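The structure is given below, and queries will be raised subsequently.
Chain A is the first sequence line, chain B the second, and so forth, proteins listed ahead of strands; every chain is numbered from 1. All values below were derived from every heavy atom in this structure, side-chain atoms included, with hydrogens, water molecules and symmetry-related copies excluded. These figures come from a predicted structure and were not determined experimentally.
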2 protein chains.
Amino acid sequence: MPRRTATDPRSPTRGTASLSRERLLSAAIDLADHDGIESISMRKLGQQLGFDPMSLYNHVRNKEDLLDAMADAVVGEIEPSLGDADWKMSMRDTVLSARQTLLRHPWAPSVIESRRAPGPATMRYFDGATGILRRGGFSVALVHHALHVLGSRILGFTQDLFDDATDRPDPEAAAKLADSLAAAYPNLAELARTASHEGGLGGCDDDLEFDFALDLILDGLERLKYG
Amino acid sequence: MPRRTATDPRSPTRGTASLSRERLLSAAIDLADHDGIESISMRKLGQQLGFDPMSLYNHVRNKEDLLDAMADAVVGEIEPSLGDADWKMSMRDTVLSARQTLLRHPWAPSVIESRRAPGPATMRYFDGATGILRRGGFSVALVHHALHVLGSRILGFTQDLFDDATDRPDPEAAAKLADSLAAAYPNLAELARTASHEGGLGGCDDDLEFDFALDLILDGLERLKYG
DNA sequence: ACCTGAACACCGTTCAAGT
DNA sequence: ACCTGAACACCGTTCAAGT
């Protein structure tokens with residue numbers, strides 16, 4: 001690849017002469033948002049930015065370091081809930097706000113889950129969530145349990161086990177397949193049949209399911225608080 | 001790599017002349033169990049088995065196909081609970097049995113979560129879980145909700161967000177670090193202080209936390225059943 | 001201080017050739 | 001039918017060399 005200067009029209013994304021960690025980070029997040037996480041490579045990122053891939057190593061220790069920073073940046077985008085409501089409302093608002101943020105970055109859940117240690121924004125987020133519960137009257141021990149029960153849901157996501165969006169270009173073939181599966185998996189067949197009446201299995205409303213689960217858990221925690 | 005025959009002493013794992021999907025699968029699971037999932041490559045697997053890496057493609061469509069098979073094989077190892085108890089006990093036993101199985105394959109959670117579609121054993125497992133709830137008196141709609149609330153926990157795992165096992169070779173340095181973190185994250189500091197009295201943060205008992213969360217969810221579902 | 005390019009040690013996979 | 005090896009198109013990263 002030939003040398004390119006800051007004013008070279010072939011490198012539209014090279015805005016200033018020198019790279020920075022911030023610019024690298026936001027370019028990486030943009031690329032992941034648009035093309036998916038599997039398209040994040042040091043080489044492609046370098047190309048995107050108009051720098052030699054090896055230049056990136058001046059601003060980031062290695063790819064893991066970059067992924068750490070990406071994950072933490074996304075958590076840092078979450079808008080904290082205004083803290084004057086009761087703990088349950090605050091927690092609910094916080095988690096749903098996290099969910100809104102994460103939906104803008106579909107790659108983030110798997111990257112967040114694969115991190116070995118939380119970054120500062122993530123620490124701050126958990127500190128905030130812990131504070132909400134403590135101020136709401138939870139014992140330290142119960143807060144600890146609560147964080148484990150909520151798991152990744154506290155950051156607004158659940159890693160869906162598999163796309164139950166059974167893509168059906170051909171409804172007739174799908175029905176045939178469904179019949180044959182029904183014999184092997186009668187209980188799942190019943191589930192699918194009912195769900196599809198309500199607008200398609202997989203058309204199962206993720207937002208609604210998330211809310212349902214969150215409320216069940218928060219209600220359970222509230223009950224334990226008075227247990 | 002030189003040609004090796006079935007009797008070549010340099011290829012100890014080559015037991016019979018020809019490869020099979022089963023042998024490939026169990027070799028892959030063994031390798032992942034011992035060396036971790038990141039050490040699973042078509043090339044290493046071929047070497048391990050004493051075959052040219054390209055031979056694997058006669059038994060497996062590609063690496064994703066292999067990972068699909070690995071995930072489904074692990075779910076197939078789960079021993080189903082004997083079904084005569086009440087739904088809550090059956091569900092609890094099933095999930096805890098799943099957990100025991102998954103603990104033998106630490107790589108499995110992330111592989112299972114990254115699958116796009118469930119294999120037959122996984123379908124069977126979910127069909128069984130669905131059956132337990134239906135026979136326990138849950139409506140189809142509530143079963144659907146229940147599966148979403150349980151999420152990956154139904155398969156016996158939760159993807160821990162990060163190792164809260166703060167490795168501390170030097171307790172003095174750790175204490176110093178803790179002090180400085182306490183200023184920035186007071187609520188987490190309180191949590192850590194308390195947990196470490198009970199035998200170390202991260203020394204937080206995962207089994208106990210899993211049980212706690214599972215019971216909270218099952219209790220919540222039971223309550224909704226009568227709601 | 002930051003950027004560059006060659007080089008190294010890996011990947012997954014296709015394809016033509018062997019047996 | 002199954003196995004092989006060369007080849008292709010990728011990776012992340014080190015290191016010496018440039019400016």
*Say whether, by atom type as modelled, one donor and one acceptor occur between the side chain of A:T130 and the main chain of B:L188 under 3.5 angstrom.*
no
*Output yes when at least one side-chain N/O atom of A:S55 is less than 4.0 Å from OP1 or OP2 of C:dC2, else no.*
no
*Value in whole Å for how far the C1' atom of C:dG12 lies from CD of A:E38*: 15 Å
*asked:* If I pick the P atom on C:dA9 and the same atom on D:dA9, what distance separates them, to the nearest angstrom?
replied: 22 Å
*Partners passing side-chain contact (heavy atoms from CB on, under 4.5 Å) against A:H59 (at least two apart in sequence or in another chain)*: A:L19, A:R21, A:L24
*Report the nucleotide, chosen from D:dC11, C:dC3, D:dT13, that has the shortest atom-to-atom distance to any side-chain atom of A:L19.*
C:dC3
*Dot-bracket for DNA chain C, 5' to 3', with Watson-Crick and G-U pairs under 3.5 Å, [ ] for crossing pairs and | for other-strand pairs: what is it?*
||.|||||...|||||.||
*Can you pull the salt bridge (charged side-chain N to carboxylate O under 4.0 Å, His left out) pairs that have at least one residue in residues 98-111 of chain B, sequence neighbours excluded?*
B:E77-B:R104, B:R99-B:D207
*Determine which pairs satisfy ring-ring contact (aromatic ring centres under 6.0 Å, His included) with at least one residue from residues 93-114 of chain B, sequence neighbours left out, and list them in order.*
B:H105-B:W107
*Kindly indicate whether the side chain of A:D211, heavy atoms from C-beta on, has any atom under 4.5 Å from the side chain of A:L96.*
yes
*Take the protein atom CE of A:M42 and the nucleotide atom P of D:dC10, then report the distance between them rounded to whole Å.*
18 Å
*Ignoring hydrogens and geometry, is there a side-chain-to-backbone donor-acceptor pair from A:D65 to A:V60 under 3.5 Å?*
no
*Please state how far atom CG in A:L49 lies from atom P in C:dC3, giving the value in whole angstrom units.*
10 Å
*Heavy-atom side-chain contact between A:N187 and B:L133 under 4.5 Å*: no
*In residues 56-66 of chain B, which ones come under 4.0 Å of DNA chain D, going by heavy atoms?*
B:N58, B:H59
*Rounded to the nearest 0.5 Å, what separation is found between the CG atom of A:D68 and the CZ atom of A:R115?*
5.0 Å
*A:D52 CG to C:dA6 C1': how many Å, rounded?*
10 Å
*Hey, is the main chain of A:F157 close enough, under 3.5 Å, to the side chain of A:S152 for a donor-acceptor pair?*
yes
*Rounded to the nearest angstrom, tell me the gap between atom CE in B:M54 and atom C1' in C:dA17.*
15 Å
*To the nearest angstrom, how far is B:Q47 atom CD from D:dT4 atom P?*
13 Å
*B:Y125 side chain to B:I154 main-chain N or O, any donor-acceptor pair under 3.5 Å?*
yes
*Which one, D:dC11, C:dT13, C:dC11, comes nearest to the side chain of A:S41?*
D:dC11
*Short side-chain to backbone donor-acceptor contact, A:D72 and A:T122, under 3.5 Å*: yes
*Between B:R153 and B:F210, is there a donor-acceptor pair closer than 3.5 Å when you use the side chain of the first and the backbone of the second?*
no
*Given D:dC2, is OP1 or OP2 found less than 4.0 Å from the side-chain N or O atoms of B:S18?*
no
*In whole angstrom, give the distance that lies between atom CD1 of A:I40 and atom C1' of D:dG12.*
14 Å
*Is there a side-chain polar atom (N or O) of B:K44 under 4.0 Å from OP1 or OP2 of C:dC11?*
yes
*Of all of residues 105-114 of chain A, which get a heavy atom below 4.0 angstrom from DNA chain D, listed by number?*
none
